[in-house]
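What follows is one structure encoded as structure tokens, with my remarks underneath.
Since we're looking at a predicted model, the values are computed, not measured.
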Amino acid sequence: MADSHYSRLFYSCQHTVTRFFQQRPFVASSILGLGLAAIPVISHIIRSYRGFLALGPGGLPHNFLGWSIQAIGQPFARHDTREPGPFADPRVFYRYAPHGRTSFLDEVPVRRGERPDVPSYVAPQRQMTDHSDASRIEAMKLDLAERAAQHTELLALAPSQLEGPKHQALWIGEAVETPAYLAKSTRGEFAHVHPDGSSHLILSLADAEVATAKGWAERHMLSGVMLPLNYLLIYAPRDKEEFQVWKQFLSAAIAFNTASPQAA
């Protein structure tokens, strides 16, 4: 009886569709065409959403709402994030004065090997290859905390506004006037570490140019749009030597943003 019921239902639907095509061929063909055209779009959305979830939590909601927000930001995003040229553009120097073109780095070597894979999502910005091991990530977080403890007037360690409350970040301390480029964007936050070992640091334009040109970093896709131009993703250190380079970048970020080389 059940099979007979479903057979009658199938033939009824088939008859209805056939009659609709016969009576309204243009409308029916248009609907069919739109449906077929939507298949690649839907497939792309599914793949993109799965890739977004694979980045892990950070900043945006870790769900379809978060994916939608980053998708809305795509038309405003920059895709030349590995080019050092924008840091040398005189038209932006005034935004990061008076120390924007000052270098706070010692000599930095060229990073070995290829750059890691960083998917082109507006947020969160993560690298999918060449992660740091857990012990090194903990050492990076400890370094942030120790810097803040050593310079309590210049620095503060507090939950990240950009990555979410589970991430600790370095902020400008109470004794330092927050630079305009931070006040208008990050509200004083300038350094935090991600679960993959990468980090976001704000360096001087001169140091950002060096870090990018030598393969250690790339800009955030909203750098120069909603974030400071020199808001960089520093790649995860893979060994002790690269960890020492990362510490140089952190020192340079502290010196630049607090205008106090002694704090580095």
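The shortest distance between side-chain heavy atoms of Arg112 and Arg238 falls below 4.5 Å.
A donor and an acceptor atom, one from each side chain of Thr212 and Glu83, are nowhere located under 3.5 Å apart.
Aromatic ring centres of His200 and His192 lie closer together than 6.0 Å. A distance of 6.0 Å or more separates the ring centres of His99 and Phe256. For Trp67 and Phe64, the ring centers sit closer than 6.0 Å to each other.
Tested against Gln127 for a side-chain contact (heavy atoms from CB on, under 4.5 Å), the candidates Pro116, Pro119, Ser132 yield a single pass: Pro116.
Taking 4.0 Å as the cut-off between side-chain N and carboxylate O, Glu242 and Lys247 do not count as a salt-bridged pair. Ion pair Asp80/Arg219 flagged as a salt bridge, since at least one NZ, NE, NH1 or NH2 atom sits closer than 4.0 Å to an Asp/Glu carboxylate oxygen. Comment: Glu114 does not engage Arg82 in a salt bridge, judged by the lack of any side-chain N to carboxylate O separation of less than 4.0 angstrom.
Between Phe52 and Tyr49, the ring planes lie parallel to each other; the angle is under 30°, not in the 30° to 60° tilted range. Relative orientation of the Tyr96 and Tyr181 rings is tilted, given thresholds of 30° and 60° on the angle between their planes.
Panel note: side chain Arg147, backbone Leu155; no donor-acceptor pair is recorded below 3.5 Å.
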